[in-house]
Amino acid sequence: MLLSPVTLSVVTPMFNEREAVDHFVARLRPVLDALDEPYEVVAVDDGSSDATVSRLMQLRADWPQLRVVALRRNVGHQTALRAGLRASRGGYVVSIDADLQDPPEVIGEMLEAARREKVDVVYGVRSDRSTDTAFKRQTAGLYYRMMRRLVGPWVSDQAGDFRLMSRAVVDVLNELPEPRPVYRLIVPSLGFASAEVPYVRAERVAGETKYPLSKMIKLTIDSVTSFSAAPLKAATWLGLFSFFACVVLIAVALIRWLAGETVPGWTSLYLAVLLLGGIQLVCVGLLGEYIGRIYAASQGRPAFLVAFDTAALDVATIARPVPGGPITDDVEAVELATPTPTSHQPA
Ligand code: UDP
Ligand code: MG
């Protein structure tokens with residue numbers, strides 16, 4: 001069944017979602033079954049340390065369309081999504097969170113909108129985020145305002161990673177050499193025809209957010225540096241400003257010296273040194289961000305490693321897997337191992 005072409009792939013990154021996964025499957029399955037189209041669900045386990053993988057393997061036993069792609073370690077939401085997009089085979093691909101904040105019922109509407117309006121992308125647009133915490137709403141608001149300025153007005157301030165994409169879009173994304181793509185910015189910037197479907201952002205069904213402040217900051221740095229060299233230009237302006245400030249300070253010092261005033265000088269000297277030192281460090285740090293990215297790209301290390309993909313195991317039950325064959329030829333799916341779901345739990 002999984003070997004036949006699928007119309008729809010539903011890609012879901014999961015990180016320590018043991019508490020949410022049953023709720024998720026119970027809500028998603030009736031929606032997808034009712035579509036009456038061949039589909040697959042690609043659950044990408046992002047190196048969970050809880051029992052997410054073993055639970056998924058159990059659920060798979062009576063839901064053959066559920067495919068488990070287990071990554072070797074936690075690589076973060078966007079990279080897990082990337083692994084899922086690479087693995088997906090559907091003519092349309094929907095990405096959705098596992099915590100039921102994005103309602104699965106909207107998937108049918110997205111598919112219908114894509115066909116009716118003949119578009120390649122359908123964004124799920126949050127019409128109401130009142131269930132998110134005030135902090136989340138504020139930081140998200142700030143993030144999207146900044147991104148609209150940097151990336152362009154086509155970035156919707158209410159579109160996250162709940163969206164449907166056609167195979168054409170997914171193929172373009174899969175070709176990108178970027179080490180850490182931020183899909184919610186890249187997809188709109190590609191310029192494919194798109195539509196929107198509104199939805200109400202629900203509360204997380206179970207468990208805690210897997211996006212602590214540190215991950216949000218990382219996403220923001222990735223977003224800015226992958227779309228704009230503006231921070232580097234800001235460094236130039238800061239440098240110029242401090243240079244002129246110094247020229248003025250020198251002139252003032254000279255005039256006061258000529259006027260015979262003995263300037264104690266400590267404070268101004270100290271401040272100037274601190275200011276210049278600070279600005280230089282900021283500039284070096286900014287350069288480092290970009291050079292770090294060039295370095296990472298030149299190393300060419302895989303962004304993720306697939307520990308196993310149950311689809312490849314399905315093939316293996318019919319024929320021995322051929323190295324470089326249709327399922328296993330993904331450059332990043334370099335290893336095929338027998339599933340060892342229990343190895344993902346803490347010892
Ligand atoms: N997630 C992931 N890897 C991570 C963090 C999160 O795959 O390192 C997944 C998580 O399991 C969920 C989705 O990304 O399906 C969104 O995370 P979460 O709901 O915790 O973020 P929030 O909605 O709080 O922003
Ligand atoms: Mg969530």
Side-chain angles (χ1 to χ4, degrees), residues 9-28 41-56 59 66-88 93-104 106-107 124-126 128-144 147 157-163 180-185 199-223 303-307 309 344:
S9 297
V10 177
V11 174
T12 309
M14 295 188 184
F15 177 52
N16 292 345
E17 297 288 6
R18 175 64 191 88
E19 287 170 61
V21 70
D22 285 67
H23 302 277
F24 178 67
V25 166
R27 264 234 349 244
L28 182 66
V41 174
V42 183
V44 182
D45 175 69
D46 187 11
S48 299
S49 55
D50 67 1
T52 304
V53 182
S54 41
R55 184 62 192 142
L56 282 170
L59 289 166
L66 176 63
R67 185 174 157 196
V68 185
V69 174
L71 304 185
R72 290 209 174 273
R73 68 168 172 86
N74 181 244
V75 288
H77 176 214
Q78 295 291 307
T79 306
L81 196 56
R82 182 180 182 181
L85 293 180
R86 289 263 170 124
S88 71
V93 181
V94 171
S95 50
I96 184 171
D97 286 354
D99 58 0
L100 289 177
Q101 286 201 279
D102 311 327
V106 177
I107 293 175
V125 177
R126 296 175 273 231
D128 175 16
R129 292 187 73 135
S130 56
T131 51
D132 275 340
T133 61
F135 177 71
K136 184 91 196 177
R137 284 206 303 275
Q138 290 292 332
T139 47
L142 191 69
Y143 172 84
Y144 283 110
M147 291 310 134
D157 56 354
Q158 293 305 333
D161 279 310
F162 184 29
R163 75 177 93 73
R180 290 206 294 276
V182 181
Y183 289 119
R184 66 186 70 174
L185 303 179
Y199 74 99
V200 178
R201 183 99 168 142
E203 257 176 88
R204 174 175 257 282
V205 65
E208 312 233 300
T209 175
K210 309 297 179 299
Y211 251 96
L213 188 61
S214 59
K215 278 189 182 166
M216 289 204 276
I217 292 174
K218 214 164 153 240
L219 180 74
T220 309
I221 294 177
D222 280 348
S223 304
F304 59 87
L305 286 180
V306 175
D309 177 346
H344 285 262

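Just so it is clear, the values below take in all heavy atoms, side chains as well, and ignore hydrogens, waters and symmetry mates. We count ligands from 1, going down the list as the structure has it; atoms in each ligand are counted the same way.
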Counting each atom of ligand 1 from 1 as listed, which ones have a heavy atom of [X] under 4.0 Å away?
X: Ala98; value: 15 (O)
X: Thr209; value: 20 (O), 21 (O), 22 (P), 24 (O)
X: Arg201; value: 23 (O)

So, taking the atom named [atom1] in [X] and the one named [atom2] in [Y], what distance separates them when rounded to the nearest 0.5 Å?
X: Gln138; Y: Leu142; atom1: CD; atom2: CG; answer: 8.5 Å
X: Ile107; Y: Tyr199; atom1: CD1; atom2: OH; answer: 11.5 Å
X: Phe15; Y: Asp50; atom1: CZ; atom2: CG; answer: 8.5 Å
X: Asp46; Y: Leu71; atom1: CG; atom2: CG; answer: 5.5 Å

Ionic contact status for Glu17 with Arg55, cut-off 4.0 Å: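 A salt bridge is absent here (no side-chain N lies under 4.0 Å from a carboxylate O).
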
Please write down residue, atom name and distance for the protein heavy atom closest to [atom].
atom: atom 8 (O) of ligand 1; value: Lys215 NZ, 2.7 Å
atom: atom 23 (O) of ligand 1; value: Gln101 OE1, 2.7 Å
atom: atom 3 (N) of ligand 1; value: Asp46 OD2, 2.6 Å
atom: atom 6 (C) of ligand 1; value: Lys210 CB, 3.5 Å
atom: atom 25 (O) of ligand 1; value: Lys136 NZ, 2.7 Å
atom: atom 21 (O) of ligand 1; value: Tyr211 CD1, 3.3 Å
atom: atom 15 (O) of ligand 1; value: Pro13 O, 2.8 Å
atom: atom 19 (O) of ligand 1; value: Asp99 OD2, 2.6 Å

Under 3.5 Å: N/O of Ala80 near N/O of ligand 1: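 Between Ala80 and ligand 1 (N or O atoms, distance only) the closest approach is not under 3.5 Å.
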
Please work out whether any backbone atom (N, CA, C, O) or any side-chain heavy atom from C-beta onward of [X] is under 4.0 Å from ligand 1, and answer side chain, backbone, both or neither.
X: His77; result: both
X: Met216; result: neither
X: Asn74; result: side chain

Step-by-step side-chain contact (heavy atoms from CB on, under 4.5 Å) determination, Val182 to Met147: CA-CA 11 Å; Val182 181; Met147 291 310 134; over 6 Å; no

Nearest candidate to atom 18 (P) of ligand 1, where distance is taken over non-hydrogen atoms, out of Glu208, Arg204, Met14, Glu17: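 Ranked by closest heavy atom to atom 18 (P) of ligand 1, first place is Arg204.
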
Step-by-step side-chain hydrogen bond (donor to acceptor under 3.5 Å, both in side chains) determination, Arg201 to Gln101: CA-CA 5 Å; Arg201 183 99 168 142; Gln101 286 201 279; 3.2 Å; yes

Proximity flag Lys218 to ligand 1, non-hydrogen atoms under 4.0 Å: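 Outside the 4.0 Å threshold, so no.
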
Heavy-atom pair with the smallest gap, counting every atom of Asn16 and Ser49: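 For Asn16 versus Ser49, the nearest heavy atoms are OD1-N, 2.7 Å.
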
For Tyr144 against Arg184, the heavy-atom pair lying closest together: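 Result for this residue pair: OH-NH1, 3.3 Å.
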
At the Mg ion (ligand 2): angle between Gln101 atom OE1 and Asp99 atom OD2, to 10 degrees: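 About 100°, to the nearest ten degrees.
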
Check: Arg18 main-chain N/O paired with Thr52 side-chain donor or acceptor under 3.5 Å: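 Yes, the answer is positive, given that a donor and an acceptor are paired below the 3.5 Å cut-off.
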
Pair Asp161, Tyr183: side-chain N/O donor-acceptor within cut-off below 3.5 Å: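 Side chains of Asp161 and Tyr183: no pair found under 3.5 Å.
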
